[in-house]
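One structure is given below, encoded as structure tokens.
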Amino acid sequence: MSEIPKAYEPSQVEEKWYKYWLEKKFFSANPDSPKPSYSIVIPPPNVTGVLTLGHVLNNTIQDILARWARMRGFEVLWLPGTDHAGIATQTVVEKTLRKQGVMKHRDELGREKFLKKVWEWKEKHGGIIITQLKKLGCSCDWDRERFTMDAHYSFCVQKVFVELYRKGLIYRGKRMVNWDPTARTALSDEEVIMKQVNGHLWYIKYPLIKPDGTVAQDEYVLVATTRPETMLGDEAVAVNPKDTRYAKLIGRKVLLPLKNKPIPIIADELVDPEFGTGCVKVTPAHDPADYEMALRHNLPFTIVIAPDGTMTADAGEDYEGLDRMEAREAVIEDLKEQGYLLKVEDYTHNVGFSERSNVPIEPYLSEQWFLKYPAVEQALCAVEEGRIKFYPERWVKTYTHWMRNLKDWCISRQLWWGHRIPVWYRKKNSSGSQAEARRPDTGCGEDQTIDKDIWVDVTPPPDPENWEQDPDVLDTWFSSWLWPFATMGWPEQTPTLKKFYPTTDLVTGPDIIFFWVARMIMAGYEFMGEKPFHNVYFTGIIRDKLGRKMSKSLGNSPDPLELISKYGADALRFGIMRSAPQGQDLLYDEQHVELGRNFCNKLWNACRFRQMQGGAFEGEIEPSLLSNDDKWILLRLDRAIREVTEALETYHFNEATQVLYRFFWSEYCDWYIEASKAVLQGNNEARKANTLAVIDFVLSNTLRLFHPFLPFITEELWQGMGFNNDLPQMQGGSTIMYAHWPKPFDDDFKEFYGLDESDEQLAEARYELVRQGRNLRREYNIPTNKKVKFYFKPSEEKYSLEPEVMRVLLNADEFIIDRNYQPQKGTPSAHSALGELYMPLVGLIDVQAEKARLEKELQKAKQELERAQQKLSNQGFLQNAPKSEVEKVKYRLNESEEKVKKLTAALSALGI
RNA sequence: GCGCGCUUAGCUCAGCGGUAGAGCAUCAGUAUCACACACUGGGGGUCGCAGGUUCAAAUCCUGCAGCGCGCACCA
């Protein structure tokens with residue numbers, strides 16, 4: 001007898017096998033393998049990151065796909081790594097350095113020292129998430145782990161920048177950008193999150209200036225604004241040219257309150273006469289729309305808000321140095337005092353917030369680098385025409401909509417942590433011609449103005465003392481978009497790149513469809529001339545029970561590692577997968593994980609049960625000895641194999657787990673194992689051995705079906721049960737990881753073992769009878785542990801009921817088949833198409849109770865009969881419905897007819 | 001404003017053209033020998049509303065309502 005513990009204890013098991021897999025290099029991808037390739041690149045988590053449930057969902061899916069592919073005979077590369085995550089990382093490190101008292105602002109340290117600190121920090125804490133992914137069981141090829149700031153990767157980023165620059169797709173310009181005043185950097189449009197804010201609409205009077213230059217005392221235009229502080233930078237008031245109310249004012253001037261500065265009234269189409277007063281204040285330097293207008297009307301750009309969000313000297317000495325929010329209060333106060341504020345209304349509107357700092361974005365005029373996206377048309381068509389497939393498909397629309405409305409991408413960031421822009425500017429007073437001689441040729445079609453004072457190349461200029469490098473770094477996503485090939489050795493045509501690019505599947509969240517997915521597709525076509533992946537699977541977003549996003553500040557984000565130590569990694573994986581419908585958000589509840597734990601335990605004990613039976617493992621199945629129950633479970637297994645495989649093929653992971661759950665728990669454990677006990681406890685040795693062979697066959701297949709979902713426990717059981725004996729030895733060790741994926745039974749197999757649909761029908765009818773018998777016990781309050789006798793009067797003799805099995809399933813003393821059984825009047829009975837079941841009770845006959853019971857049953861049977869009759873009397877149904885459907889209804893009709901007949905007879909036998 | 005998604009048992013969700021399903025919760029029973037992280041039985045739903053297509057609709061189509069998300073320069 002083995003000493004397997006009663007309950008599954010995951011912790012040591014998981015550690016043991018993960019170590020084993022690593023030692024044996026089971027995760028390594030071999031580019032020279034003759035097998036077909038299957039590859040995934042991990043969406044690189046931030047180096048600063050710790051594992052969240054989102055990662056669990058995402059990486060479990062990838063692991064399932066990778067493990068499944070290995071079992072199907074693919075050469076699998078799952079390439080892992082981390083992202084330097086510019087702003088996120090820099091912010092985190094800045095915060096800790098401030099906390100440690102090392103600095104207040106990074107300027108105190110200077111660029112070099114600060115970067116050294118970040119690298120130190122990265123070396124110390126950067127790997128956390130990688131070890132956490134290992135705990136989850138991820139089968140990544142860790143020898144190929146990459147980081148977006150590896151030397152080679154950085155080279156790729158620079159190379160790409162230079163290439164795009166020479167193509168004329170990258171340019172520098174002074175534009176209105178989204179400015180994060182806390183991080184003090186520009187952001188891309190995608191990094192701005194619009195939020196609805198309850199604010200106010202302030203109505204301000206701008207007095208008219210008379211033609212003679214004096215200020216009109218009671219004539220004014222009324223302007224409505226949500227940002228009164230920006231008025232300090234106003235350069236005009238705009239009205240719609242078609243707005244008759246103001247037509248005669250166009251060209252006149254108003255006095256800008258507080259600053260006492262005359263500004264013109266201009267006409268611009270952009271103004272909506274319906275909104276507010278129809279007059280808009282124009283702040284060229286602090287509003288994107290106003291910026292556009294200012295360009296059209298040649299207005300000056302007065303900057304009143306500095307990059308750090310405080311007011312500049314141009315705002316006026318009363319306001320200089322105030323934070324923009326403080327300035328707002330002050331301006332309102334002053335306007336009120338001086339009688340310019342007419343009224344205030346409550347007003348909800350959308351305000352852009354920085355995704356990172358969560359502070360309102362400031363539109364800010366500055367010199368930045370921009371990219372015109374390359375390979376747009378190709379990238380768009382590839383998805384639209386299905387060369388790249390999205391799952392679920394609906395994201396295609398989101399993608400194409402974005403792709404058709406692309407705006408140039410602001411790629412420069414005023415940060416230090418990141419890839420520094422490979423551009424040098426000639427120092428003012430230097431004059432070297434030697435650099436000019438080597439200056440890269442822009443080559444490509446666009447007539448980019450050649451500027452000999454700019455050096456753009458992967459290598460710095462040869463006379464660096466005369467040049468100054470651009471201080472900015474590139475947006476993190478400008479490196480991430482190269483991930484599928486920069487990680488594989490590009491631009492060299494490495495064996496890895498040749499074997500594994502394009503990758504097979506990408507698994508990611510829909511929230512980064514623009515940030516990452518779309519850009520990777522464009523980069524793939526631009527630099528590889530080929531798509532980066534065939535399929536993209538978009539996961540849902542994990543929310544808490546109340547539907548809120550997981551977040552640190554809400555404290556509703558459970559630590560997956562705690563869950564793993566409490567329930568086991570397999571349990572966490574299974575629980576999450578079981579509740580993650582395709583592409584739909586999922587509400588997390590710890591109960592899901594508990595369910596996973598329970599399931600693992602069930603699997604554990606089912607195998608424990610098998611081991612306790614002893615006997616050789618994986619004996620041959622002898623077809624002639626198969627019982628009805630054996631055939632039934634084999635057919636169910638076949639069905640489970642088909643359904644799980646199909647679910648995986650279509651990325652329906654929750655369906656796959658649900659099929660497995662149903663098959664293993666309800667069908668195998670609840671019915672088959674229980675039925676098999678009849679044989680195993682008997683003394684027919686041949687049948688016993690055959691039952692064990694069936695059990696082993698089913699378990700061996702089941703463990704394999706489960707392996708991608710539950711890698712640890714399946715390996716433990718696979719090895720423990722000795723199923724590994726006939727497997728090829730992989731790198732000196734055996735493993736379920738490379739056991740072949742179960743195939744559905746073919747016709748030869750079914751014929752050989754005599755498996756037929758009729759077996760299923762019989763088994764199900766028998767189980768239905770058992771259910772009825774158990775119900776009788778319950779109705780008559782016979783405790784489940786009390787033995788009773790059952791008599792059965794079969795309607796025909798031609799089927800084998802397996803009475804011993806029935807006895808065990810009913811937990812009965814005896815199950816007696818007797819065609820001539822004469823029950824005492826009022827004996828509890830159940831009636832099915834197979835026959836009548838009686839449960840004689842000593843001294844406890846209640847005729848009235850039995851009558852009531854039977855009447856209820858009869859009612860049900862009659863209803864069913866009626867429904868079937870109705871269907872079959874419908875000409876349309878008979879003519880149009882498929883034959884199999886009609887057959888099914890006919891079968892049902894027969895069954896219920898039989899039942900009605902029997903119940904009626906039983907009732908009349910009661911004689912009341 | 002445009003686009004997308006959701007609405008099924010008390011809760012969380014599957015099902016997406018052929019008699020309404022699961023888990024949890026609930027009620028009743030069970031220390032039974034693989035598992036109390038378990039077993040057995042029960043109760044509970046006119047599948048958001050209104051039309052239409054079909055022999056047949058939770059499932060397909062149209063409209064409406066409620067909730068959520070994304071995109072959009074209305075100050």
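Letters go in sequence order (proteins before strands), and every chain restarts at 1. For clarity, every value in this text was computed on a predicted model and none was experimentally measured.
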Starting the side chain at C-beta, find the nucleotide from [options] nearest to [X].
{"X": "A:Arg778", "options": "B:A28, B:G23, B:U19", "value": "B:A28"}
{"X": "A:Arg608", "options": "B:A34, B:G3, B:G5", "value": "B:A34"}
{"X": "A:Val280", "options": "B:U40, B:C37, B:A75", "value": "B:A75"}
{"X": "A:Tyr661", "options": "B:A72, B:G41, B:G23", "value": "B:G23"}
{"X": "A:Glu885", "options": "B:U19, B:A34, B:A38", "value": "B:U19"}
{"X": "A:Ile673", "options": "B:A34, B:U19, B:C4", "value": "B:A34"}
{"X": "A:Val271", "options": "B:A75, B:C71, B:C39", "value": "B:A75"}
{"X": "A:Asn775", "options": "B:A75, B:G41, B:U40", "value": "B:G41"}

Is there a side-chain polar atom (N or O) of A:Lys602 under 4.0 Å from OP1 or OP2 of B:C35?
->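 No, A:Lys602 has no side-chain N/O under 4.0 Å of OP1/OP2 on B:C35.
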
Salt bridge flag under 4.0 Å for residues [X] and [Y]:
{"X": "A:Glu866", "Y": "A:Lys862", "answer": "no"}
{"X": "A:Glu768", "Y": "A:Arg771", "answer": "yes"}
{"X": "A:Arg636", "Y": "A:Glu667", "answer": "yes"}

Partner set under side-chain hydrogen bond (donor to acceptor under 3.5 Å, both in side chains) for A:Glu14, not counting sequence neighbours |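 A:Glu14 satisfies side-chain hydrogen bond (donor to acceptor under 3.5 Å, both in side chains) with no residue once adjacent residues are dropped.
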
Go through the side-chain N and O atoms of [X] and [Y] and say whether any donor and acceptor fall under 3.5 Å apart.
{"X": "A:Asp234", "Y": "A:Tyr206", "value": "yes"}
{"X": "A:Arg778", "Y": "A:Asn775", "value": "no"}
{"X": "A:Glu345", "Y": "A:Tyr203", "value": "yes"}

Measure [atom1]/[X] against [atom2]/[N] and give the value in whole Å, please.
{"X": "A:Leu563", "N": "B:C37", "atom1": "CG", "atom2": "P", "result": "19 Å"}
{"X": "A:Asn598", "N": "B:C39", "atom1": "CG", "atom2": "P", "result": "9 Å"}
{"X": "A:Arg771", "N": "B:U40", "atom1": "CZ", "atom2": "C1'", "result": "12 Å"}
{"X": "A:Phe514", "N": "B:G70", "atom1": "CZ", "atom2": "P", "result": "10 Å"}

Would you call the rings of A:Tyr8 and A:Trp604 parallel, tilted or perpendicular if under 30° counts as parallel and over 60° as perpendicular?
->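 A:Tyr8 vs A:Trp604 ring planes: tilted.
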
Would you call the rings of A:Phe574 and A:Phe709 parallel, tilted or perpendicular if under 30° counts as parallel and over 60° as perpendicular?
->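 Plane angle over 60°, so perpendicular.
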
Under 4.0 angstrom, heavy atoms only, what part of the nucleic acid is [X] near: base, sugar-phosphate, or nothing?
{"X": "A:Tyr347", "result": "sugar-phosphate"}
{"X": "A:Lys6", "result": "sugar-phosphate"}
{"X": "A:Trp665", "result": "sugar-phosphate"}

Write down the protein N/O and nucleotide N/O pairs, taken from nucleotides 55-62 of chain B, whose separation is under 3.5 Å; answer none if there are no such pairs.
residue	atom	partner	partner atom	Å
B:C55	O2'	A:Asn874	ND2	2.7

Sequence neighbours excluded, which residues qualify as ring-ring contact (aromatic ring centres under 6.0 Å, His included) partners of A:Tyr291?
->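 Per chain and number, A:Tyr291 pairs via ring-ring contact (aromatic ring centres under 6.0 Å, His included) with A:Phe301.
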
What pattern of brackets, bars and dots sums up RNA chain B from 5' to 3', given Watson-Crick or G-U wobble pairs under 3.5 Å, [ ] for crossing pairs and | for another strand?
-> ((((((((.[[[[.)..(..]]]].(((((.......))))).....[[[[[..)....]]]]])))))))....

Rounded C1' spacing from B:A38 to B:A58 in Å =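 B:A38 and B:A58 have their C1' atoms separated by 34 Å.
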
What interatomic distance, in whole Å, is found between C1' of B:C64 and the corresponding atom of B:G45?
->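 Nearest-Å result for B:G45 against B:C64 at atom C1': 23 Å.
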
Report yes or no: is the cationic atom of A:Lys677 (NZ for Lys, CZ for Arg) under 6.0 Å from the centre of the six-membered ring of A:Tyr672, at an angle within 45° of the ring normal?
->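 A:Lys677 over A:Tyr672 ring: no.
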
Going by atom type alone, with no hydrogens or angles, which donor-acceptor pairs under 3.5 Å involve a side-chain atom of residues 590-600 of chain A and a protein atom two or more places apart or on another chain?
residue	atom	partner	partner atom	Å
A:Glu590	OE2	A:Lys566	NZ	2.8
A:Glu590	OE2	A:Tyr567	OH	2.6
A:His592	NE2	A:Leu587	O	3.4

Under 4.0 Å protein heavy-atom contact, by nucleotide of nucleotides 7-14 of chain B - B base, S sugar-phosphate only | -----SSS

